[in-house]
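Below: one structure, written as structure tokens.
Bear in mind the structure is a predicted one, so any value in this text is a computation, not a measurement. As the structure lists them, so they are numbered: ligands from 1, and atoms in each ligand from 1.
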Amino acid sequence: MTPIRDCTPADLPEVVVIEQQSFNHPYPLAVFTKYLRATFLVAELGQRLAGYIIGIKMGDKTLIVSLAVHPLYRRRGVGASLVQRLMERLPSSVTEIQVRPSNAAALGFYPTLGFERKQVIPRYYANGEDAVVMVRRRGPE
Ligand SMILES: CC(C)(COP(=O)(O)OP(=O)(O)OC[C@H]1O[C@@H](n2cnc3c(N)ncnc32)[C@H](O)[C@@H]1OP(=O)(O)O)[C@@H](O)C(=O)NCCC(=O)NCCS
């Protein structure tokens, strides 16, 4: 299991590098600074950060704001561990994420954790791309 802990201000430069390696429209440092007040977790492999996840709770719904794993550390279960830990930290009946239809990795990844496609929001992103809303509903306990 990947070691996962809360993000600190000192982690943010490395988080920004992961972000820039992962997205065409990366969030800037100021956005991450703001999200230090949310649930913001990092996965550590050795001395390096392998990935991060940010989540917020709205009522009985947990929203995954962002998730990224450094390209060098993908397909080792880091992303899955981050999502699992976030769901433990923010237990809700529903966990939700918005994904670009062009993001084949994310569309392959989330179903492995029990997420299903719920709806498409047309022209959700600034470049006019739709968003696919994926949800995971908590099963009976
Ligand atoms: C999506 C992302 C977070 C997955 O992280 P990861 O650490 O590589 O994922 P895991 O190793 O935990 O993958 C678990 C399973 O998800 C599926 N999966 C992961 N990446 C996949 C891909 N590129 N294509 C298809 N399925 C994939 C696989 O079934 C995988 O299990 P396997 O490796 O045994 O086959 C990572 O690719 C990433 O950071 N992408 C860029 C940023 C991004 O798109 N973030 C999500 C925005 S909504």
For ligand 1, which atoms, with element, lie under 4.0 Å from some heavy atom of Ala68? 39 (O)
Looking at Glu14 and Leu49, would you say the former's side chain and the latter's main chain have a donor-acceptor pair under 3.5 Å? yes
Which atoms of ligand 1 sit under 4.0 Å from any heavy atom of Arg76? 11 (O)
Straight-line distance of Leu41 CG to Ile53 CD1, nearest 0.5 Å: 7.0 Å
Is the backbone of Arg123 close enough, under 3.5 Å, to the side chain of Asp130 for a donor and an acceptor to pair up by distance? yes
If you scan the protein for heavy atoms around atom 10 (P) of ligand 1, do you find one that is closer than 4.0 Å? yes
Residue pairs, two or more places apart or on separate chains, that pass salt bridge (Lys or Arg N to Asp or Glu O under 4.0 Å) and touch residues 42-67: Arg5-Glu44, Lys61-Glu96
Do you see a donor-acceptor pair shorter than 3.5 Å between the side chains of Arg74 and Ser22? yes
Would you say Tyr73 and Thr2 are linked by a side-chain donor-acceptor pair, where the criterion is simply a distance under 3.5 Å? no
Side chains of Thr62 and Thr95: any donor to acceptor distance under 3.5 Å? no
My understanding is that we take every heavy atom of each candidate and find the minimum distance to atom 45 (N) of ligand 1. Doing that for Val132, Ile97, Leu67, Val83, which one comes out nearest? Leu67
Option set Leu82, Ile64, Asn103, Leu107, criterion heavy-atom distance to atom 47 (C) of ligand 1, minimum: Asn103
among protein heavy atoms, the one nearest atom 23 (N) of ligand 1 is Ala105 CB, 3.3 Å
State whether the shortest distance between N or O atoms of Val69 and N or O atoms of ligand 1 falls below 3.5 angstrom. yes
Is Val99 in polar range of ligand 1, meaning some N or O pair under 3.5 Å apart? no
Heavy-atom nearest neighbour in the protein, as seen from atom 29 (O) of ligand 1, with distance rounded to 0.1 Å: Thr112 CG2, 3.3 Å
Ionic contact status for Asp6 with Arg89, cut-off 4.0 Å: yes
Compare Ala131, Gly79, Gly108 and give the one whose heavy atom is closest to atom 7 (O) of ligand 1. Gly79
What protein heavy atom lies closest to atom 12 (O) of ligand 1? Include the residue and the distance to one decimal. Ala80 N, 2.9 Å
Is a donor on one side and an acceptor on the other found under 3.5 Å between the side chain of Arg137 and the backbone of Ser93? no
Quiz question for you: does at least one protein heavy atom lie closer than 4.0 Å to atom 17 (C) of ligand 1? yes
State whether the shortest distance between N or O atoms of Tyr73 and N or O atoms of ligand 1 falls below 3.5 angstrom. no
So, regarding Gly77 and ligand 1 (criterion: nitrogen or oxygen to nitrogen or oxygen, under 3.5 Å), is there a contact or not? yes
Ring pair (Phe, Tyr, Trp, His ring centres under 6.0 Å) partners of residues 77-111, not counting sequence neighbours, each pair once: Tyr110-Phe115
When you measure from the side chain of Gln98 to the backbone N and O of Val133, does any donor-acceptor pair fall under 3.5 Å? no
Measure the distance from atom 37 (O) of ligand 1 to every protein heavy atom, then report the residue, atom name and distance (to 0.1 Å) of the closest one. Arg74 CD, 3.5 Å
If we set the cut-off at 4.0 Å for heavy atoms, which region of Tyr52 has an atom near ligand 1: side chain, backbone, both, or neither? neither
Under 3.5 Å, side chain of Arg100 to main-chain N/O of Glu129, donor-acceptor pair present? no
Considering non-hydrogen atoms of the protein only, which is the closest contact for atom 42 (C) of ligand 1, and what is the distance? Phe23 CZ, 3.5 Å
For ligand 1, is there an N or O atom under 3.5 Å from any N or O atom of Arg75? yes
Could you check atom 13 (O) of ligand 1 against the protein and tell me its nearest heavy-atom contact, residue, atom and distance included? Phe109 CD1, 3.7 Å
